[in-house]
K.L.:
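The structure's right below; bear with me while I get my questions together.
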Amino acid sequence: MRYDLVIFDNDGVLVDSEPISNTILSGYLTELGHPTTYEDSLRDYMGAAVHRVHDLVRERTGRDLPAEFDATLHERIFAAFQRELQPVAGVEEVLAKLTAEGVPYCVASSGSHERIRIGHLTTGLDEWFEDEWIFSSDDVGRGKPAPDLFLHAARSMDADPQRTVVIEDSPLGVEAAKLAGMDVLAFTAMTPSERLEGADGYFGDMGRLVELLG
């Protein structure tokens with residue numbers, strides 16, 4: 001493969017969590033008096049750290065979300081993960097191929113370390129990731145679309161950003177990867193390619209990823 005490191009986003013790329021988390025987020029915001037549809041949540045918050053929810057609500061309404069917002073949101077999402085979460089179809093085959101070929105990979109997610117680990121334990125993906133291969137926006141000062149998280153992951157994995165490729169499914173993630181000087185392959189299973197402008201390649205079936213990485 002032509003890359004020295006493959007960085008995976010987590011939600012929507014490794015675990016099929018976006019429908020679950022955005023259904024819960026949109027419902028909770030609506031419950032709090034901030035009417036939000038599932039489509040609104042995907043558009044505004046997919047791929048972002050939770051601080052973006054606070055920032056946009058404050059910007060649009062002048063009101064702060066309650067102090068317990070993060071804890072309640074995560075509690076609801078984690079409970080739903082344990083009932084419903086599945087790995088993205090075909091991703092284990094990709095990880096097996098990378099492992100067989102000796103290509104280093106890691107995950108860099110806007111979600112917390114706790115969220116990443118719960119998702120991986122629930123779906124069985126934990127067997128594919130050592131702790132030192134897991135990076136969260138908690139580890140850096142700024143989340144996506146800033147490049148900090150991807151640069152931190154590459155530096156920690158001892159990889160040149162120009163020899164690194166990111167697998168992303170959100171506009172914020174694509175922007176962050178390009179700002180980091182990395183190639184990015186956009187997974188379009190949930191997000192139309194026109195919203196992922198700037199990517200170096202597009203695929204809607206995880207089975208095609210190994211071919212694109214070649």
Side-chain angles (χ1 to χ4, degrees), residues 8-89 107-112 114-116 118-119 122 136-138 142-150 166-179 184-199 202-204 206:
F8 291 91
D9 175 44
N10 190 57
D11 294 294
V13 172
L14 294 175
V15 295
D16 194 16
S17 54
E18 293 291 5
I20 298 170
S21 57
N22 283 282
T23 295
I24 291 170
L25 175 57
S26 59
Y28 188 25
L29 286 172
T30 300
E31 176 186 321
L32 292 172
H34 305 286
T36 306
T37 66
Y38 172 74
E39 291 74 20
D40 292 338
S41 185
L42 288 177
R43 182 195 65 225
D44 292 340
Y45 305 121
M46 183 173 168
V50 71
H51 69 77
R52 179 176 171 87
V53 183
H54 290 267
D55 292 345
L56 283 185
V57 168
R58 186 182 303 112
E59 177 183 316
R60 291 168 174 174
T61 70
R63 295 160 51 198
D64 286 330
L65 290 168
E68 68 275 12
F69 178 84
D70 292 12
T72 301
L73 176 66
H74 291 148
E75 180 181 347
R76 293 182 183 186
I77 288 175
F78 294 163
F81 279 2
Q82 292 173 339
R83 295 191 305 268
E84 307 170 38
L85 190 62
Q86 297 292 325
V88 168
V107 56
S109 172
S110 292
S112 66
E114 182 184 17
R115 175 171 172 149
I116 298 167
I118 287 175
T122 301
S136 161
S137 60
D138 291 347
R142 299 182 299 168
K144 306 170 190 177
D148 305 35
L149 176 57
F150 290 141
V166 177
I167 315 303
E168 263 290 354
D169 70 335
S170 74
L172 295 176
V174 170
E175 182 179 352
K178 299 312 292 184
L179 287 172
V184 56
L185 299 176
F187 185 40
T188 60
M190 283 195 61
T191 308
S193 57
E194 56 267 24
R195 291 199 61 221
L196 300 170
E197 186 178 356
Y202 300 87
F203 64 107
M206 191 60 69

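These numbers were taken from a predicted model, which means no experiment stands behind them.
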K.L.:
Ser136 side chain to Gly111 main-chain N or O, any donor-acceptor pair under 3.5 Å?
P.N.:
yes
K.L.:
I'd like to know if the side chain of Tyr45 and the backbone of Leu25 have a donor-acceptor N/O pair within less than 3.5 Å.
P.N.:
no
K.L.:
To the nearest 0.5 angstrom, please state how far the CD atom of Glu84 sits from the OG atom of Ser17.
P.N.:
11.5 Å
K.L.:
How long is the gap from CD1 on Ile24 to CG on Leu29, to the nearest 0.5 Å?
P.N.:
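Going from the CD1 atom of Ile24 to the CG atom of Leu29 covers 12.0 Å.
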K.L.:
Among residues at least two apart in sequence or on other chains, which ones pass side chain to side chain donor-acceptor pair (under 3.5 Å) with Ser41?
P.N.:
Asn22
K.L.:
Drop me the distance from Leu56's CG to His51's NE2, to the nearest 0.5 angstrom.
P.N.:
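These two atoms lie 10.5 Å from each other.
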K.L.:
What pairs meet the salt bridge (Lys or Arg N to Asp or Glu O under 4.0 Å) rule with one or both residues in residues 25-47, with sequence neighbours excluded?
P.N.:
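Of all non-adjacent pairs touching residues 25-47, those that pass salt bridge (Lys or Arg N to Asp or Glu O under 4.0 Å) are Glu31-Arg76, Asp40-Arg43, Asp44-Arg60.
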K.L.:
Determine, step by step, whether Asp169 and Thr191 satisfy the side chain to side chain donor-acceptor pair (under 3.5 Å) criterion, reporting the C-alpha distance in whole Å, the side-chain angles of both residues, the deciding distance to 0.1 Å, and the verdict.
P.N.:
CA-CA 6 Å; Asp169 70 335; Thr191 308; 5.1 Å; no
K.L.:
When you compare the side chain of Ser26 with that of Thr37, does any pair of heavy atoms fall below 4.5 Å?
P.N.:
no
K.L.:
Using salt bridge (Lys or Arg N to Asp or Glu O under 4.0 Å), reason through Arg52 and Asp55 one step at a time and then give a plain yes or no.
P.N.:
CA-CA 5 Å; Arg52 179 176 171 87; Asp55 292 345; over 6 Å; no
K.L.:
Taking Thr30 for its side chain and Thr36 for its backbone only, find out whether a donor-acceptor pair lies under 3.5 Å.
P.N.:
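It does hold such a pair.
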K.L.:
Ring-plane angle category for Phe78 and Phe81, please: parallel below 30°, perpendicular beyond 60°, tilted otherwise.
P.N.:
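Answer is tilted, since the angle falls between 30° and 60°.
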K.L.:
Can you sort out the partners of Leu32 under side-chain contact (heavy atoms from CB on, under 4.5 Å), two or more places apart, ordered by chain and number?
P.N.:
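So Leu32 forms a side-chain contact (heavy atoms from CB on, under 4.5 Å) with Tyr28, His34, Leu65, Pro66, Phe69.
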